[in-house]
Amino acid sequence: VSRLVVRNIGELVTCWPRVHESGHRPAAQDNPALGVVRQAALICEGDAVLWVGKERDLPELASEPKESHTIIDARGGTVLPGLVDNHTHLVYAGDRVGEFWLRCQGASYEEIARAGGGIATTVAATRAASEEQLLVGTERRLAQLLRFGVTTVEIKSGYGLSTAHELKLLRVVKRLAKDARQVLVPTFLGAHTVPAERKAQRGAYVDEVVTEMLPEVAREGLAEYCDVFCETAAFSVAETRRVLEAAAQLGLGLRVHAEQLHHTGATSLAVELGAASVDHLEHINAHDVEALAASTTVATLLPGASLFLNQAAQPPARALLDSGVAVALSTDCNPGTCPTQNLPLIGTLGCCRLGMTPAEALLALTVAPAKSLGREGRVGVLRPGARADAVWLASERFENMFYQLGVSPVAGVLVGGTIAHWDFTTVPS
Ligand SMILES: [Zn+2]
């Protein structure tokens, strides 16, 4: 089995509290959940982490057969877990640049959708694209995510909106997952919106989602999760319940697009049904925060989308964190409301717009999204046995991930114990 040793790590952020060393930051900035080790090293064996600790404790462990060892020098920089993006709509064709112009001239997202644009535009382009074309576009976006340090990616369908086209999108994800370096987690989002040609028979469309799409998705093993866009312009709480209950019956985990534009009651429903994640939450109330605090549901916030849509409403991230809710931050990568693969930038927005500390933002890109994808302790953490996914920053403190606004400080990425990218010329600043 191949071994890879990363030495000379100035600050190793494991997100594994057991190894945390306090005292390197002022008390107000010291978050034990980060599991920080200074002057550290990391050993990977095969695709898993074998050991993390102080570099001075390394020699005895590394003093075996050297032939299969690769040793890399982190040059005093920071190493942290590969990032986890738990909400993307990565499989699509076309773009929404025309709509971007309209929004820059004052049109709202909802006005554009009512006029036949928005999701419908992407659905038309995606239906017209072949599986091969979708595969190439999605692969390109995955490569971009990797450059930003993202090693686990949830991917939703939802731009097919018919049985044949929804299955086409999920088959693209399945094909990619076979060869992809990243861990891909597929989610079925047939209930993204009612497609234009079915507007007059929305009940029949929900029937199709429940009686045709879901059973086929489950039969072919095409998705781990089922998601619904619960919103006044999409699906009601009653329709959302029907789809999610059917999905749960088939053994799928549940996620919900909830309270993005209005308060609908989707969060209470999600908590009641034991959903893994509720996403957006710009319009949740104090009762929803309490319900989430008493649940295991992760709150996934998408500040890139509210920035891109210039929405005034912000989710109450502080109230969620202070009441003990696991909070994740995600790109929501999609062509209409947040066309970015820059997950570190989303962390910056968490800090600057949602009142999160850099430590909370990092946990929101690692531990919390991993939990929401049923992979707690396996990804988004550097501890023995976890997947050897890691990010190297050419800077001495992890905060630079968020401080360098819009500029990725990612200088290297390990995926499953192999070097996906490592800039050997980089010197920590
Ligand atoms: Zn979304």
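Positions are given from 1, in the same order as the sequence printed here. Ligands are counted one by one from 1 in listed order, and the atoms in each one are counted from 1 as well.
Side chains of Leu4 and Leu414 form a contact here, defined as non-hydrogen atoms less than 4.5 Å apart.
Salt bridge Arg219/Glu216: present, at least one basic N to carboxylate O contact under 4.0 Å. Salt-bridge formation is detected for the pair Glu239/Arg202: a Lys NZ or Arg NE/NH1/NH2 atom is positioned less than 4.0 Å from an Asp or Glu carboxylate oxygen.
The Zn ion (ligand 1) has no N, O or S atom of Asp227 closer than 2.8 Å. Residue contacts to the Zn ion (ligand 1): His280 brings no N, O or S atom closer than 2.8 Å.
Aromatic pair His89/His257: centroids less than 6.0 angstrom apart.
When rounded to 10 degrees, the angle formed at the Zn ion (ligand 1) by NE2 (His257) and NE2 (His89) equals 110°.
The N, O or S atom of Asp332 lying closest to the Zn ion (ligand 1) is OD1.
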